[in-house]
Every structure is written in structure tokens, then in C-alpha cells.
A.B. asks: 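Here it is, the structure, as C-alpha cells.
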Amino acid sequence: MLAFSYVVAPHAETALSLVCGGSNATFIAGGTDILQLLQEGVIAPPSLIDINALPFSGVQTEQGEARIGALTRLSDVADDPGIRQRFPLLVQALQETASPQVRNMATVGGNLLQRTRCLYFRDATVPCNKRQPGSGCPAWDGLNRINAIFGGSDRCIAANPGDMAVALLALDADLLVQNVEGERRMRLADLYRMPDENPQHETTLASGELITAVLLPSNEAAGHSYYLKVRDRASFEWALVSVAAALEMDGTRVHRARIVAGGVGTKPWRLMRVEEALQGRPLTPDLARQAGNRAGDGAAPRAGNAFKVPMLQRAVERALLTAGGIA
Amino acid sequence: MDSQGPLPSTPASRFDIGLIVNGTSHRLAVDARTTLLDALRDRLHLTGTKRGCDLGQCGACTVLLEGRRINACLTLAVMVHGRAITTIEGIATDGELHPMQTAFVQHDAFQCGYCTPGQIMSAIGLLNESRTTDEATIREHMSGNICRCGAYTNIVAAVRDAAARGS
Amino acid sequence: MNSVVGQPISRVDGPAKVTGHAIYAAEFNLRNMVHAALVHSTIAHGRIDQLDTRDAEQEPGVLAVISHLNAERLPYEPLEKRPPVDPKAGEQLHVFQGPEILFVGQPIAVVIAETVEQARTAAALVQVAYHEQVATTEVRHDRAQPPTEASSKAGRGGGSRGDAEKAFAKAPVKVDMWCSHDREHHNAVEPHATIAEWFGDHLTLYDKSQWVDNVRSEIAHVFGMPAENIRVVSPFVGGAFGSALRTWPHVTIAALAARQVGRAVRLELTRRELYVSVGYRPRTEQHMQLGAEADGRLVAIIQDAVAPTSVYEEYAERTADPVLRTYSCPNVQARYRLAPVNANTPCPMRAPGIATGVMALEIAMDELADGLGMDPIELRLRNYAENDEAKGVPWSSKALRECYQTAADRFLWSRRSAPPRSMRNGRLLIGYGMATAFYPAERAPASVQAILYANDTAVVRTASSDMGPGTYTAMTQLAADTLGLPIERVHFELGDTEMPKAPVHGGSMTLASVGTAVVDACKALMANLPAGEMAEGHGARLRRAGLESLTATGHSEPGDEANKYSSAGFGAVFAEVWVDPDFGTVRVPRIVGAYDVGRVINPKIARSQCLGGMVGGIGMALMEQAEWDARLGRVMNANLAEYLVPVNADVTDLDVTFVRSSDEIFNPLGAKGLAEIALCGVAPAIANAVYHATGKRVRHLPIMPEKLLVD
Ligand SMILES: Cc1cc2nc3c(=O)[nH]c(=O)nc-3n(C[C@H](O)[C@H](O)[C@H](O)COP(=O)(O)OP(=O)(O)OC[C@H]3O[C@@H](n4cnc5c(N)ncnc54)[C@H](O)[C@@H]3O)c2cc1C
Ligand code: FES
Ligand code: FES
């Protein structure tokens, strides 16, 4: 890795001023993705701003909206009693994320901003539009087993690899973001950008903006939610396909459903068609199957990842059955 | 600078840092880019902490940071300035093996031994997390440590044994 | 005194390993040591046009940047006799001797700097311009050629008996299929590393090696220097599985760099670099044809295997062996062909070639059993080879029937319902599958020194290695028993060219070869022990004779038993799988193996080896796959996150039994060797179980979910 400078930001203001204005400085939180990218020469920032001293750590779940500080470690979120009680979906997603060691280090903010696992992005010696705009996308016609079936373009089909974001989106989370002008609130759904022409731009955050917290609205889905992660080996692997299902039930009827898929989209992918199919209907095995079949609508798979369509359909079906308690 | 003193308040690429490793304070000069793993192995010559991948993907470098297991390869040394690290060299007391070490020997929970320090530190970290210690839980919570020699079943047996003995 | 041989004692090197005190190659702390980092070619074929090292040289801490532009010319003297671990034809990669590029990842320069960080940074700053040429990055069957005579003579070609084509054509029952396994990388957790230090014209290498004597001899030839001037040290090896058999280019580079900068140099490869630096198990495609009578007796076996090799060396393996020797069959034809590609040379990986051949044969046998509606064990018993029909000699021992029986009983095979897709647990499909395991047993010459001291301790040493199978422990047990000393009083040393010569720590022959020599040396000591009272200890006798110590050497080598008999380890492996039909994911809740490996010196450690083989087999069957991009000529998942190996959660119940056996024809110890056989058979047993579970035959390993999902 190339040399860089480093400083611990004592206040958010310092952190923001050091990173804004085209300095290319980068925040480091848990460091678990940054270090991989540095070691492999995928990024070479001139300077790292350590944000761990900022007061953005901790979980509040007492009542109403829950708040998770962006610097809270994944393991602390997963072990928090309030989160366990109110948001088991999130806990499941976190328990299947990475390894215990990584979860002890990785932060919520960093997790939302982890970069893709696309094989071409992670090998600095080959072309990749995301890493080196304009150099091409070898994944399009190449090894694309782990790439996206939704939201890609011939510029980029890199999948967003995260688990937590999938669950958070199903829980309709918001983010608190801080910049030099102050704090703003945004929907998590608005964080990620589609690759389109510019796959190097992955989020709607302006350079130098800090995520300070994740906000989770109260919901009635805790008793009817499920995170299903399908992977090749039994643990310690990103998702081939994952599904977060959060159902608010009215008796046996689906009052409101939020169904989000991971491992399949260039961003965490909300499955609107599935949600529509469920809306207002009694949840039965038949409905779960029908709704699951809608999960592939609009998919544009490539040769290596066409299997993700049926896999996703069945994963949605299974997640619905389990969330609905009729598995 | 003493080992607890603050780091410079402006960006720098060289640092004098303090690390408390196995209860002993060390001062050392590192680059910003020096990982904790490199600092332990190459600077402090504590080579019990192993390097397998440098990418968080194998677990060989597992150490405890204030009792919690982490990957030393994903940690910049400067980020743990002034903090307490426990490595495999620091768990035996007065020449007596830690119960987890004894259990690993008795259950033959390794072959080449290269992943072993990481497995043991991870297992101690697991017990610190006070989870249940049924087989399935151990398997899942030890899955961040790859053993290419394939000693997994013996590792699970060793961890259960050490847990039962209240290590 | 009670015998310790055959006892399940704990590893003697256990305490060193669990405390972190065992020192592996990269961990020797030499004074004034500096660090090296490699620069690799990013094209698959061509020449370096320009190599600009100016920026790299300006980096702080950089001592030198060495490339073909300024490296010393190395003689690379040909070896009179190639070691068995090297390819038999072609020429090893010559480092920094010219601008030619033969594969992506070829080392083209090395940076030496005060710290690793500085060296790696500077390496990234070396600018290279290439003249690219067309590269061959795919195996073309039409270009594949049989191996050269040199390879064939070494047993790495094909073979035949009878007229297999004719017999196949007439056979009433047939299996005809293609199968393959993907390219696998050893991925030992310890990366390869070398530290080199010169003292005048003497060189010391601390290297990750399964064979220090070979490193010494190859480096002597590369540098054109006397072997006596080289010392190679390798006390602990963090797993290797074959990747540390050869002397790889990075060893030469470390020595070259150390000479140029006049300091000790450490070169530690990164995980990504391992994929281009130390070989791999080549993806092998096999056309298998079995012909049988209606009663299941085989009348013809035809194998046509095609594998890649590099453009500069011919790496061939014993893919034909299992086909020629596992079953009784009058007509066998095994063809083996190689196609050169622009890639680094493959190399042996645990049970090289054999595991590949066993896989194809055992999947084919399962298909045959299925076609005949016959129990797979019964089919194998009907074709039981009482002799080695390839060599026309009897087996020195064979207890394979007992293996089938024991493993089947322990597995509860009788509970299997024969039709595919007929066993379920809720939504999960359950499958039972089995396979035969086979691995030839071999020995090679070995020498050992044993020293007895007046304080009643002994030191026994030889230049062998212990990459995990327990050489330290087994040898200590043998020595302790032969000397009549308690095990704590015997100290066994290995991994240093200063010690008596030992054969390569590979091919599962360490125990049979080195162990026999250990016993020989210790017997010699006992024979020379000064006379004394019955109850008198060894030390007392030495003291009375005025001796501080007594030294003896021992030796062993194969005798003519190898001409009169064939020797091999055998086993039966049974696997249960659970397949989720919705996702195509396969989990392996249990594997049962029973093995005939001759006498077992330490059942605890031997069992561990078998457990390891089972885990390796799970990897081979279900997940290990180097993803090769032919357009870019490289492995794209060159890490441990996307190249998947089994993790703890993938492994549940593993059951190992050694059937009673001892093979004193093969060697006086009665031990036939373990390690490699433990891998053979596991992957096909799993593949066969997947078929039984799903009714879908996946013949191309690994069985990733998509192969079960998409028809
Ligand atoms: C071996 C391995 C396996 C893994 N497996 C999984 C898996 O199965 N599922 C999964 O979801 N993830 C997995 N991960 C990814 C892991 O979860 C992420 O690396 C981690 O969550 C990132 O968090 P961090 O705090 O370490 O981020 P860092 O590495 O510190 O930062 C990541 C990015 O986020 C930015 N950043 C961090 N915090 C903030 C903030 N508050 N505001 C603005 N920007 C910020 C940084 O600038 C950087 O760009 C795995 C990682 C490893 C190493
Ligand atoms: S070296 Fe840190 S996880 Fe592999
Ligand atoms: S003991 Fe060798 S890798 Fe675990």
C-alpha cells in the first residue's frame, strides 16, 4: 500500500474540514474494508481521517424511533437487547455478516459504504469502470457469478455486497448525515446510486459527508420478519442471494410488506412487485410462491449469474413463509 | 511521548505510538500504514500472531483488543495507540498453559499449527462473549478462522472442553 | 517399559504450536534484515519493452530494484537427475534473465527496502511497458499431446492392458461420460516465505519447504555453487499439501537479492501472489467409459484425461493410476494428454493425479451401479482386485474388503433407500454416497542420526519435514520405543540440511521411509551400547565406559519388495449430504471413512490427518474453484474470500476408523503411509451422494448451487 498520512479527528467539524474540498482524504472507521482496499492497491488515498473518536457510537431503543450511532460496532448492535427485541431482522442479518472478528471491528456506517466484491474491482491490475472510469467492464462478459442481476448496465454490474443494508431497507431506515453546513436526514433508500454511466459514483453523499446515525422507525414487523442468506459455504461468505422480509400482519392478512434482496442488485434491491403481490392478501403457501415468482421481474442476468433468478424467487418464497410463521 | 500520550493533531505519516501488549508497554515508531500485525510480528517480534492473508479472510492474525477478538491485519497500529492487546504469547501464566491451549493439545486441534494461535485467541474471545457453547454455536462463531489442515471437529471439541472447564 | 508406538499420545510439538513459539520460515529474526517485494507481469505473453524503476528507487528506504536489466546472470546449470518433485521436461522459470514474459504474474523485478511497507510501495511504482504477443490461455483438446517419454517413464503418463476399445464396444452395459474438477490452490494458511543471508560465498536459506535437501541442490545448480555452501532451515511448515515440494523462483529471487544488497533479505509472498507463484492442482477434464457384464463385472475401462501445463515446463501427474489399478478388469486404456497454456506451472497438490483419477473412476462406478440397479458396494466387491493387475504382482497387503464393511456398518448404509431422490428430511433431500480410496505406497532412501547422552536423553535427527502430519511425534515415538527411553527424554529434530539426508516429505512416504531409518539408527545405538547390568540405564553404561555420548546412524531404502509386490493404502469413504432443492446448496452432515494404511503409529494424529482429508474433500467437491478469466489470463478470485475453502460451520460429524492391518512386506514398520489417501475418495463420495439425493448427476466439480438449480 502506498504511504498516506493519518490523523484522529477529535470533532466532527475537524473531520469534515479535512475531507471536504477535493482533498481525497478518506474517513476510516473500523477499517475492515479500507484495509483490504489499501492492501490490494484498489485505493490510494493521500490521507486517512480516523473518525473513531467522534461521539457517534451507541444504540438507543427505548421508545419510538430507534437510533444506532454510525460508529457502533456490528457485534454491539447484534447483541443489544433492545435491538434484539424490536428488530430481530437486523440481528439476523448481522449475525450472518462476515466473521465475529470483523463484526467486532466493523461499524454501521462503514458497513453501509463497503465496496463491491466484484472480482475485477478488487484486482487492481485489470480494467474496471468503477475503479478506473472508462477502462471497461470485464465482468459484463466475464466472471459474473457474484454480480448483479438488477440495476446494472454494460458499464458495471457490480453487486452491492452488504447484508445489513438489506435488512435496514426492509425496516425503512433513515440516515443522519452531517456536513460542514450541518446535519441532514435522508432515507437509506436514497443513499445508493445506480451505476448508469458513472459507476465510480456509488452514493449520493457529497464528498466529506459523514453518516452519524441510522434511525429505525417503530414498526409492527418484529414478529413477522426474517433474513434469509443463501451462500455456497455455511458461513463467512457474502450473500449469493439474500432476502429481508418484514411483514406487518393484520391477522393472517399482509397489511404491509417490505421485501428487499441482497447480492442481486447494484444496490440493495427492493422487490416492489413482490410487495404488491402480497399487499392486503392472506399469507398462504400459494401466495408466497406467487409473490416469490415475481421476484425475478425485471432481472437482467448475465451468463454466470442467471441462476440467481430462480434462487431469488425461492429465497423470497422461503423468507415469506418463515416470516409469516407458516414454513 | 509516553505510551498513553495523544497523537499529533495534524495529519502525519510517521508516529511514535505506545502499545500495551500482554501487559507490557512498548513504544515504537511506525508508519501510518503499518498494520498491527506487522507491528507485532516485525517490530515486537511477537510472531505467534500469524499472517495468512492480510485481508481479514483467514483469521490467523486474531488477537484480543481489550478482551474482544479482532483481526490484527485489518487494524492500523496507530489506531490502537495506548490500548491493550493480548496475543497468544500472553495467555499462559507462569509457564502454565491456558486451559484453551491445553485443550487444543489434548484434542489434537491442529496439524501444521499455523492457524492455531488465531484459533485459540478467537476461542478465548468467543468465551468472553458469553454465548452458549453448544457445537453449532461454536462452529458458527469459529468460522472466521480458517484451518486448511481441516482440524475443525477437534477445534470444536477443544473449545467445548475448555468452556466446560470454565476457562 | 510400555510401548508408545501405537498409542494416541499428544503431539510433542503441541506446546510450541499453541504458545506461538514454533518458528515458521518468515519468522526468523536476523540482524539487519531487509525486505523484498515483487513486481509481476500483467500480460500473459510477450516481452518487456521498458522497465522504469526510477520512481521506485527514489522511495525512502529502497536499497535496490533488481530486474532483467541489472540482475546477475545465473548459470542455471542443468540437474543431472531431476528430483521427483520437478517436471520431467521443459525448463524451470529463469528469473530476471531476460525480457520474455510467459504468464501473468511472472516475477519481473524485485524491490529491496528497509521495511515491508517501503518495499511494497516502491514495487507498485515500477513502470513497465510491454510488447504483447498472442497468448494461449485455454486448454485446447485438439492441441493436447501425450506427455514426453521422461514423464511417462516416471509413471506420469497413460497405460493399458488388453483391448479396451473392443471390449467396450461389445459390453452389454456401458457408462460413457465426461467429468472434471476445477483448478484448486493449496492455500495453506502460511504463505510461502524465504529469508536469505550470505556469509561470503556461503548461503543460508530459511524457507517454507517440504524438502530442504532439494532446495539446497536446486539453488546450488541455479547459482552454480557447491551444495555444501548452502544451508537450508525449515523447522516448521504451516501447511503445504504439495506447494512446498519444489524450489520455486521466489527462493532464487531472495538469494539473488540478498547477494546484491549484502544484507539478509526476507521475501514473503502475499495471498494473491501465491496464486501465480507456487503451482496448483490443474483442472483436469476426463472422458470415462466403463463397459460391464450384466452381473457388474468390468470388461473395459477407458479414460482420456486432458490437463493444462505451462508453456515452459511439462507438469504431468499420475491420473491414470487409479484407473489401471483399483479394480480387476482385463481391458484398460488410460490416455493422458497435456495442453500448454500461458500460466505458471501446476504442481502436486495432495494426492496429485491420484485424487483426480479416483474422482472420475468412482463417479463412473456409481453411474454403473445406478445403471445396473446394483448396490454400489456390491459392484465394487464384484470387481475387487486381488492383485495389482497393472503390474501383474500381488499386493503386499490389502484390507479393502474390511474397509467397505467397517465403513458401511458405521455409516448405517443399510438405511439407504436405493432410488435417487427417495430420502428426505422435510424439504431437504438426503443422499448417501460412497467411493473407494486408493493411494500407492512408496518409500525412498532415508538416513538418520541418533545420539544418546550420558544423562539418559537422546537426540534423533534427519532433514525431513513436518507440515502437519506429525513427523516430530511419530519419529519420537519410534525412537523412544527402540531406545527404551521415556518419550520426554527423546528429542527429534528435522528440517535442516546439516542433518542426514531425508526424502521429500510428500507422497505419504515419510513414515515408511524415515521411520524405518529412525528405528535402524536407534537399533544401531543399542547394539553399540557398552555392556552393563541388566537394570542399569543407558546413561550409566555410557558414564561407566567414560563416554559422554554415543552416536549412530541409520539408513533405510526400498528393497526388492517393490519388484515382487505392489503396495498401496486403501479406504472406503461414505458421505451423507443434505441438499436444499430450492437453492441448490449442499451441506455434508457426516462422512465416515475406514482405511487400510498398515500399522498406525499414533492413532490420534493419524485420525487428524483423515479428518483433514475429509475437509479437503468437502472443499474439492463443493466449493474450491479458481476462477480463470481466459481473456485476461489470470485467476480472478485470488484470495480467501472468493476462493472458498471449508470453514468450521461446513464440517459436522467426521468418523475415522483404521482397519487392523500391518504390511511388513512393504517395510519393517508395517506402515503404508497416510495423508494423501485421506483426500482420495471424499469428493466422489460426496458427488455420488448428491446424485442420490437429487437424481441429478453433476460431473463437474465443484458442485456449486447453480449446477443443481439450472437444468
Ligand atoms: C473477510 C470479510 C468478510 C466480510 N463478510 C461480509 C458479509 O458477509 N456481509 C457484509 O455485509 N459485509 C461483510 N464484510 C464487510 C464488512 O462488513 C465491512 O468491511 C465493514 O462493515 C465496513 O465497516 P468499517 O467500519 O470497517 O468501514 P471502513 O473500512 O472503516 O470504511 C468503509 C468505507 O466507509 C467509509 N465510512 C466509514 N464510516 C463512515 C461514516 N460514518 N461516514 C461516512 N463514511 C464512512 C469509509 O471512508 C470507507 O470508504 C466482510 C469483511 C471482511 C473483511
Ligand atoms: S492475516 Fe488477518 S485475517 Fe488473514
Ligand atoms: S493446523 Fe494447519 S491450518 Fe490449521
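Any value given below was found using the heavy atoms of this structure, including those in side chains, with hydrogens, waters and symmetry copies removed. Please read these numbers as outputs of a predicted model, since none were measured by experiment. So that the names make sense, note that chain A is the first sequence line, chain B the second, and so on, each numbered from 1.
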A.B. asks: Top residue by heavy-atom pair count (under 4.5 Å) with chain B, among C/Val189, C/Asn187, C/Val615?
C.D. replies: C/Val189
A.B. asks: At under 4.5 Å between heavy atoms, what parts of residues 68-78 of chain B are in contact with chain C? List them by residue number.
C.D. replies: none
A.B. asks: Just to be sure I understand the criterion: a residue of residues 264-275 of chain C counts if one of its heavy atoms is under 4.5 Å from a heavy atom of chain B. Which ones qualify?
C.D. replies: C/Arg266, C/Glu268, C/Arg271
A.B. asks: Measuring from atom NE2 of B/His26 to atom CG of B/Leu19, what distance do you get when rounded to the nearest 0.5 angstrom?
C.D. replies: 7.5 Å
A.B. asks: Heavy-atom pairs under 4.5 Å with chain B: which of C/Thr115, C/Asp650, C/Thr121 has the most?
C.D. replies: C/Thr121
A.B. asks: Nearest 0.5 Å, please: how far is OG1 in B/Thr62 from CE in B/Met142?
C.D. replies: 8.0 Å
A.B. asks: In terms of heavy-atom pairs under 4.5 Å with chain B, which of C/Asp13, C/Leu611, C/Val18 leads?
C.D. replies: C/Val18
A.B. asks: If I take atom CD1 from residue B/Ile146 and atom CZ from residue B/Arg148, how far apart are they, to the nearest 0.5 angstrom?
C.D. replies: 8.5 Å
A.B. asks: For B/Thr49 versus B/Arg41, what's the shortest heavy-atom pair and its separation?
C.D. replies: O-NH1, 2.9 Å
A.B. asks: Taking the ring of C/His186 and the ring of C/Phe241, is the distance between their centroids below 6.0 Å?
C.D. replies: no
A.B. asks: Please check if the distance between the ring centroids of C/Tyr206 and C/Tyr24 is under 6.0 Å.
C.D. replies: no
A.B. asks: Between atom CD of C/Glu27 and atom CG of B/Leu46, what is the distance when rounded to the nearest 0.5 Å?
C.D. replies: 11.0 Å
A.B. asks: Could you pull out the closest heavy-atom pair between C/Arg350 and C/Gln609, with the gap in Å?
C.D. replies: NH2-O, 3.3 Å
A.B. asks: Can you tell me if C/Arg11 and C/Asn602 form a side-chain donor-acceptor pair at under 3.5 Å?
C.D. replies: no
A.B. asks: Taking C/Gly613, C/Ala240, C/Gly238 one by one, which has the highest count of heavy-atom pairs under 4.5 Å against chain B?
C.D. replies: C/Gly238
A.B. asks: For residues 31-39 of chain B, give me every residue with a non-hydrogen atom less than 4.5 Å from any non-hydrogen atom of chain C.
C.D. replies: B/Asp31, B/Arg33, B/Thr34, B/Asp38
A.B. asks: As an exercise: rank C/Gly470, C/Gly616, C/Pro646, C/Ala22 by heavy-atom pairs under 4.5 Å with chain B and give me the winner.
C.D. replies: C/Pro646
A.B. asks: Which of residues 133-141 of chain B have a heavy atom under 4.5 Å from any heavy atom of chain C?
C.D. replies: B/Arg139, B/Glu140
A.B. asks: Please classify the contact of C/Tyr472 with chain B as side chain, backbone, both or neither, using a heavy-atom distance under 4.5 Å.
C.D. replies: neither
